[in-house]
Protein chains: 2
Amino acid sequence: MHKKPGISEAEWEVMKVLWGKSPQSSNAIVAILEGKRNWQPKTIRTLINRLVSKNAVGFEKDGRQYNYYPLLNEQECIQAETRSLIDRIRGKAIKPLLATFLEEESLSPEDIAELKEILENRT
Amino acid sequence: MHKKPGISEAEWEVMKVLWGKSPQSSNAIVAILEGKRNWQPKTIRTLINRLVSKNAVGFEKDGRQYNYYPLLNEQECIQAETRSLIDRIRGKAIKPLLATFLEEESLSPEDIAELKEILENRT
DNA sequence: CTTTAATTATTACACATGTAATCCATTTGT
DNA sequence: ACAAATGGATTACATGTGTAATAATTAAAG
């Protein structure tokens with residue numbers, strides 16, 4: 001039994017563009033991503049098509065062109081990835097992982113305060 | 001240009017077994033994993049072999065049998081996965097993700113104290 | 001020694017993913 | 001009206017991954 005396919009790493013880049021603004025034409029998506037990743041336009045179109053196949057992205061026709069928009073919620077996708085990582089290391093020390101996050105990422109003072117509060121309440 | 005292959009989700013299960021104790025025979029690994037995942041022994045052996053091909057696992061012969069041990073450090077692998085997730089959601093709110101972690105996972109009081117300290121020092 | 005059982009090695013096969021190119025239809029410039 | 005460009009649809013192809021089965025080898029049992 002094969003498991004439901006998720007959104008691949010490359011496809012995530014497209015989702016992020018659409019979560020940032022939607023709907024957008026493939027041209028617009030291509031323009032944005034060509035700068036960030038070293039991808040050919042054809043490659044980016046393939047990714048868009050795959051996301052449509054996966055029902056992660058929908059589109060409306062505007063004459064001959066399509067305008068794409070996300071069908072999945074950003075926060076839910078992030079949570080799904082997070083849970084996937086948690087599952088992967090389940091049974092192992094979660095702390096070093098968290099430490100990596102806390103050290104590497106830019107958090108606002110408010111974020112930090114809020115996270116501290118979560119930790120307090122867990123004790 | 002193809003990127004270096006990582007350790008797949010299924011392979012991680014094998015790594016976890018070996019990080020828990022090593023070296024171990026394939027039989028021992030199979031015995032442990034048959035309980036947790038619904039895998040055939042042949043499947044598990046395939047995973048072990050792939051890890052050997054990837055230089056993630058080494059082995060010493062003990063007569064006709066092999067005893068396997070990890071060649072990669074657990075903490076580093078966890079960090080790599082963590083960074084991969086961070087990259088994936090880069091530019092997006094990291095806080096909800098952290099909140100998920102902090103709420104879902106079981107952390108010891110010592111862990112919590114240590115994490116709080118990390119947060120303090122970041123302020 | 002020969003048959004059997006256990007282990008490792010090799011092969012299989014469908015679907016996913018990275019990374020595009022080609023084909024086809026339609027719009028647009030001349 | 002015709003040619004060129006553009007955008008979507010289809011096809012490509014190597015490698016990775018899940019999930020094993022089969023073949024080859026060798027140790028153990030009789």
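Side-chain atoms are counted along with the backbone in the values below, which use heavy atoms only and exclude waters and symmetry mates. Here is how names work: the chains are called A, B, and so on, in the same order as the sequence lines, proteins then strands, and each is numbered from 1.
- Put simply, the side chain of B:K42 and the base of D:dT22 share a donor and an acceptor less than 3.5 Å apart.
- At the phosphate of D:dG7, neither OP1 nor OP2 sits under 4.0 Å from any side-chain N or O atom of A:S25.
- For the pair B:L51 CG and D:dG16 C1', the interatomic distance rounds to 13 Å; values are reported in whole Å.
- A distance of 7.5 Å separates CG in A:D87 from CD in B:E9, rounded to the nearest 0.5 Å.
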Q) For A:E120 and B:K116, what are the C-alpha separation, side-chain angles and deciding distance, and is it a side chain to side chain contact (heavy atoms under 4.5 Å, CB included)? A) CA-CA 9 Å; A:E120 301 284 351; B:K116 264 194 273 193; 3.4 Å; yes
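- B:L47 places its CG atom 8 Å from the C1' atom of D:dG18, with the value rounded to the nearest Å.
- OP1 or OP2 of C:dT7 has not a single side-chain nitrogen or oxygen of B:S26 nearer than 4.0 Å.
- With values rounded to the nearest 0.5 angstrom, B:I89 atom CD1 is found 8.5 Å from A:Q75 atom CD.
- One finds no side-chain N or O of A:T46 lying less than 4.0 angstrom from the OP1 or OP2 phosphate oxygen of C:dG18.
- With DNA chain C read from its 5' end, the first of the two nearest nucleotides for A:K54 and A:Q40 is the one closest to A:K54.
- A close approach under 4.0 Å does occur between a side-chain nitrogen or oxygen of B:N27 and OP1 or OP2 of C:dT7.
- Regarding A:Q24, its CD atom lies at a distance of 13 Å from the P atom of D:dG8, rounded to whole Å.
- Atom CD of A:E11 is separated from atom P of C:dT19 by 12 Å (rounded to the nearest Å).
- One finds no side-chain N or O of A:W39 lying less than 4.0 angstrom from the OP1 or OP2 phosphate oxygen of C:dG18.
- B:W12 contributes atom CH2, which lies 5.5 Å from atom SG of B:C77 (distance to the nearest 0.5 angstrom).
- With hydrogens and angles ignored, no donor-acceptor pair closer than 3.5 Å exists between the side chain of B:R37 and the base of D:dG18.
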Q: Check the pair A:I7, A:L72 against side chain to side chain contact (heavy atoms under 4.5 Å, CB included), reporting the backbone distance first and the verdict last.
A: CA-CA 11 Å; A:I7 294 171; A:L72 300 177; 3.6 Å; yes
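- Distance, A:E13 CD to C:dT19 C1': 15 Å, rounded to whole Å.
- Within 4.0 Å of B:K61, counting heavy atoms only, lies no atom of the nucleic acid at all.
- If you check every strand for non-hydrogen atoms under 4.0 Å, B:T43 touches a base.
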Return a table of donor-acceptor pairs under 3.5 angstrom between the side chains of residues 56-67 of chain A and protein atoms on other chains or two or more places apart.
from	atom 1	to	atom 2	distance (Å)
A:N67	OD1	A:S25	N	3.4

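- Nearer to the 5' terminus of DNA chain D, by closest-nucleotide assignment, is the contact made by A:Y66 (compared with the other of A:Y66 and A:R50).
- For the pair A:E11 and A:R50, the salt-bridge criterion is not met [side-chain N within less than 4.0 Å of a carboxylate O].
- Backbone-only engagement by B:N38 is indicated by non-hydrogen atom pairs under 4.0 Å involving sugar-phosphate atoms exclusively.
- If you take CG of A:N49 and C1' of C:dT19, they are 14 Å apart, rounded to a whole angstrom.
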**Q.** Protein proximity profile, nucleotides 24-29 of chain D - base contact B, sugar-phosphate-only contact S, no contact -, cut-off 4.0 Å on heavy atoms
**A.** --BS--
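- When the P atom of C:dA20 is taken as reference, atom CD of A:E34 falls 11 Å away, rounded to whole Å.
- Taking only side-chain nitrogens and oxygens, B:R45 never comes nearer than 4.0 Å to OP1 or OP2 of D:dA20.
- Remark: the A:E13 side chain and the A:W39 side chain contain no N/O donor-acceptor pair separated by less than 3.5 Å.
- What separates CD1 of A:I44 from C1' of D:dG8 is a distance of 15 Å, to the nearest Å.
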